[in-house]
S.K.: 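Next up is a structure, given as C-alpha cells.
Just so we're on the same page: letters track the sequence lines, and every chain starts at 1.
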Amino acid sequence: MRWSQTLIPTLKETPAEAEIASHKLLLRAGLVRKLTGGLYTFLPLGLRALRKVEQIVREEMNRAGALELLMPALQPPDIWQQSGRYESAKDVLFKVRDRAKKEWVLGPTHEEVITTLVAGEINSYRQMPKNFYQIQTKFRDEIRPRFGLMRAKEFIMKDAYSFDATDEAAQVSYRKMYDAYARIFQRCGLKTIAVEADTGVMGGKFSHEFMVPAATGENEVAFCDACGYAANVEKATSAVQRSEVGGQRSEVEKFATPGVVTIEALSKAPYDVAAERQIKTLVYLAEGKPVLILLRGDHQLNEAKLTGALGTGNFRPAAAEEIFAALGAHPGSLGAVGITHLPVYADEVLRDAADMTTGANADGFHLRNVAIGRDIQAAHWADLRLVQAGEPCPKCGQPLKIQRAIEVGHVFKLGTKYSQALNALFLDEAGKQQPAIMGCYGIGVTRTLQAVIEQSHDDNGIIWPISVAPYTVCITPLNAAPESAVMQRAEQIYAELTARGVDVIIDDRSDRPGVKFKDSELVGFPIRVGIGEKSLAKGEVEIKPRAGALILVKAEETVAKVMELIQQG
RNA sequence: CGGGGCGUAGCGUAGCCUGGUAGCGCGCUUGUUUCGGGUACAAGAGGUCGUGAGUUCGAAUCUCACCGCCCCGACCA
C-alpha cells in the first residue's frame, strides 16, 4: 500500500472525548472514528488490524475443530421468550419493529438461534460433539458505552457453542476452547490470565474469563502468585479466618451511641469497637421482600455471590424508609438480634462469632456482647463477602493480590438450560431422549484489538505485535521524488517485500522526515525501513524495529534482514 | 436513571463572569523556503458559536427547555 493512496488521518492532538491511552491512540493513529457514542467506523488501517485478530481467532477455532457459520443479527422475539431471556436480559436487548409493527430483537448473543438450529438438525448422539462458531456484530443496549471500543452498543464478537451428549464430552469441549483461547491471546501478543468467573445471568455451571491486566480495566481479579489461583472478585474467595469465639459470653448489653451511623465511627473513641468485632447489617429487597444480610464490619457485600445465595438476581438495597418499615430503625443502627420475621443471610466468616457489636434496631443505640447462634438466628449461611487484597489465598494461604483487568474472552459450561428450553434433544445410545449439553465461548474481537493497544504502547504511539499490525513494515523514503535514488531503492525494497508476502506500506508522501517518523511511530508499525540520502550514499539502509534499536544494513541486505526480524517475531 | 463537566472551523481551544467587531494554535489551500525528528515566511479558504424559545435596541455571552458528548455513580447502613 502507498501511504498517499490510503486514508490514515493521524492527529497531532488528542480529541477531547478520549480518556484512556488505547482510546486516544485508536483515534490519533487514524484507526477508527466515532459516529456517535458507542458506535465507531473502522478506517482502513483499523480494519486491517481487526481482520488480523479475526483471522487468528478463525485459525485457532478451526484448529480446535469448531465449525464456522453465520447467524442472523436480527432475531424473532419468540425464541427469546422460550429461553426466558426476553425478560431476564431485557435491559440489554435492542428491539425494533418492522412495517407491520411486528417486534424483532437485535442479537446481543446467539444461544437462542444456535440452539434452535441444533434442535432441528441434530437428533443423535452420533452427530456429536459439535461446536459452531461465528464472528459477528452484536448489539447491546449498554447502560453506558465507554472507552471507545471497550464497551460499545455494537461490537464484533466471536461466539462459539458446543453440543455434547455426555458431561465428560462437554468437559472435553470446554477444555479445547480454553486451550484455543490461550493460544489466540498469545498469538495476539496479549498477556492474559484465565480466572475463575461468576456465571451471572448466562446461567450455567462454571466458567473462566480471560483477562488482560490493565489499570483501566472494568473488572477486578484476585490472584495468588504462589499457587496460581486466580478469580474474578465476583467469584473469588479467601481463607479469612472466622472471628474467634471470644472468651466470655456475657449477656447482650444495649448502649447509647448517639449520632453513630457508620462502622468507622463506632471503631473510634469513645467506643473503640474494631470493625472486625462489628456485625454489619444490610437490608435488601429480594423479589420485593426484605431480607437481612450480615457481614463482618470490615467486609463488603459481593452482590454476585448474593445472587447465588438468594437464588435470584432480582434484588436491590432497600431505601431508608423501607428499612425503617421493616426494622423500626434507620441505617446505621440496624441489627439482626431477635429478628425472626425476616430471612437472615449471614456470611460464613461470622459463624460462631461472639463478643460482637451490632445495631440495636433503635436509632442511637447498639448492642455489645452479641453472640451469633445465641442472639442471632441466621437461617442461611453463605460466602457473601468481597475478597480484599492481602487476605489469604483459599488454596495455599499466601496473600492474595487484586488487580484491575479487561475481560477479552469468556468460556462457559452452560449445561442444558437452553437445550431444554428450546428442545435441542437427541437420542442417546440407549435410545433415550436427552437434552444436549452445551457450552458457550465468547471473544470480544473489537475489545481484544483495543486491549492490545492498551497493553502495548509508549509515549510515541502504538507498539503493534507483528501478528496484528495493520502493516508489518513501513518503508520511509526521506526523499519522495520518484526519480531519486532514495525513492528508487525504496520502491525496490517495497516490491521485494511485497513479493515475499509481507504486509508493507510505503510512505510516499512528500512530507518532511520528522512527519513521517512521528506518524510511523504513532501508528506503530513493527518495523520501519528508513532510506535517506546520506546513509544510502554509503550503501546503507536503516531498519528500526518499533520497540528496538536501530540497525544499519547494506542496502542489498535489507530485505533479508527484514525477513529475519519478522521470523523472530 | 442520579450526580458532575462540556458543546465556539476538521482537531485542540480563548472569548461567556461584566451583552455590542468571533480570536489563537494545529490541520487544509497557494507560493517561496527548508530537506534526517511534527521547517520557516507570506497570502488565503473555512464558523447556523449544539437546537429551539425567551429577555434586550442588540445574545457565543443572560434565562428556560431540549439534544448530544465525556466522567463518576447507580451495592457497602
S.K.: Identify every side-chain donor-acceptor pair in residues 37-47 of chain A under 3.5 Å, counting partners at least two apart or on other chains, and give the distances.
M.R.:
residue, atom, partner, partner atom, Å
Y40(A), OH, H23(A), NE2, 3.4

S.K.: Between G23(B) and C66(B), how far apart are the P atoms? Round to whole Å, please.
M.R.: 34 Å

S.K.: Rounded to whole angstrom, note down the C1' distance from G12(B) over to U8(B).
M.R.: 12 Å

S.K.: Identify the 5'-most and 3'-most nucleotides of RNA chain B with at least one atom closer than 4.0 Å to a non-hydrogen atom of chain A.
M.R.: C11(B) to A77(B)

S.K.: Name all residues meeting the side-chain contact (heavy atoms from CB on, under 4.5 Å) criterion together with D375(A); count only those two or more places apart in sequence or in a different chain, and write none if there are none.
M.R.: V252(A), V337(A), V370(A), A371(A)

S.K.: With sugar-phosphate meaning primed atoms plus P, OP1 and OP2, does G532(A) contact a base, only sugar-phosphate, or nothing at under 4.0 Å between heavy atoms?
M.R.: base

S.K.: Quick one: label D511(A) by what it contacts on the DNA or RNA (base, sugar-phosphate, nothing), any heavy atom closer than 4.0 Å.
M.R.: nothing

S.K.: Take atom P in U63(B) and the same atom in G7(B), then report the distance between them in whole Å.
M.R.: 14 Å

S.K.: When the C1' atoms of A59(B) and G73(B) are considered, how many whole Å apart are they?
M.R.: 36 Å

S.K.: Taking only residues two or more places apart in sequence, or in another chain, which ones meet E521(A) in a side chain to side chain donor-acceptor pair (under 3.5 Å)?
M.R.: R528(A)

S.K.: Of all residues at least two apart in sequence or in a different chain, which pass the salt bridge (Lys or Arg N to Asp or Glu O under 4.0 Å) check with K153(A)?
M.R.: none

S.K.: Just to be sure I understand the rule, does E17(A) reach a base, reach only the sugar-phosphate, or reach nothing, if contact means heavy atoms closer than 4.0 Å?
M.R.: sugar-phosphate

S.K.: Just name whichever nucleotide pairs with C1(B), Watson-Crick or G-U, keeping both distances under 3.5 Å, else none.
M.R.: G73(B)

S.K.: According to the salt bridge (charged side-chain N to carboxylate O under 4.0 Å, His left out) rule, which pairs have a member within residues 5-28 of chain A, sequence neighbours left out?
M.R.: E17(A)-K34(A)

S.K.: With a non-hydrogen cut-off below 4.0 angstrom, is L386(A) in contact with a base, only sugar-phosphate, or nothing?
M.R.: nothing

S.K.: P atom, C70(B) versus U33(B): distance in rounded Å?
M.R.: 46 Å

S.K.: Can you pull the ring pair (Phe, Tyr, Trp, His ring centres under 6.0 Å) pairs that have at least one residue in residues 531-550 of chain A, sequence neighbours excluded?
M.R.: none

S.K.: Just checking F147(A): base, sugar-phosphate only, or nothing, at a heavy-atom cut-off of under 4.0 Å?
M.R.: sugar-phosphate

S.K.: Who are the side chain to side chain donor-acceptor pair (under 3.5 Å) partners of H457(A), not counting sequence neighbours?
M.R.: none

S.K.: Any strand is fair game: report the nucleotide pairing with C24(B) by Watson-Crick or G-U wobble, both distances under 3.5 Å, or none.
M.R.: G12(B)

S.K.: Taking it one step at a time, do E276(A) and R296(A) satisfy salt bridge (charged side-chain N to carboxylate O under 4.0 Å, His left out)?
M.R.: CA-CA 6 Å; E276(A) 58 264 31; R296(A) 210 170 76 183; 5.5 Å; no

S.K.: Given the C1' atoms of G2(B) and C11(B), what is the spacing between them in whole Å?
M.R.: 32 Å

S.K.: Sticking with atom P, work out how far A42(B) lies from C24(B), rounded to a whole angstrom.
M.R.: 13 Å

S.K.: With C1' as the reference atom in both, quote the distance from A65(B) to G47(B) in angstrom, rounded to an integer.
M.R.: 25 Å

S.K.: Hunt down the Watson-Crick or G-U wobble partner of C62(B), both distances under 3.5 Å, from any strand shown, or write none.
M.R.: G54(B)

S.K.: So, for I543(A) and T558(A), which heavy atoms are closest and what is the spacing to 0.1 Å?
M.R.: CD1-O, 4.0 Å

S.K.: Got a sec? Which of residues 543-562 of chain A come in under 4.0 Å of RNA chain B, heavy atoms?
M.R.: none

S.K.: Indicate, with a heavy-atom threshold strictly under 4.0 Å, whether K280(A) touches base, sugar-phosphate, or nothing.
M.R.: sugar-phosphate

S.K.: Compare all side-chain heavy atoms of Q450(A) with those of L26(A) and state whether any distance is below 4.5 angstrom.
M.R.: yes

S.K.: Report the base-pairing partner of A42(B) (Watson-Crick or G-U wobble, both distances below 3.5 angstrom), or none.
M.R.: U30(B)

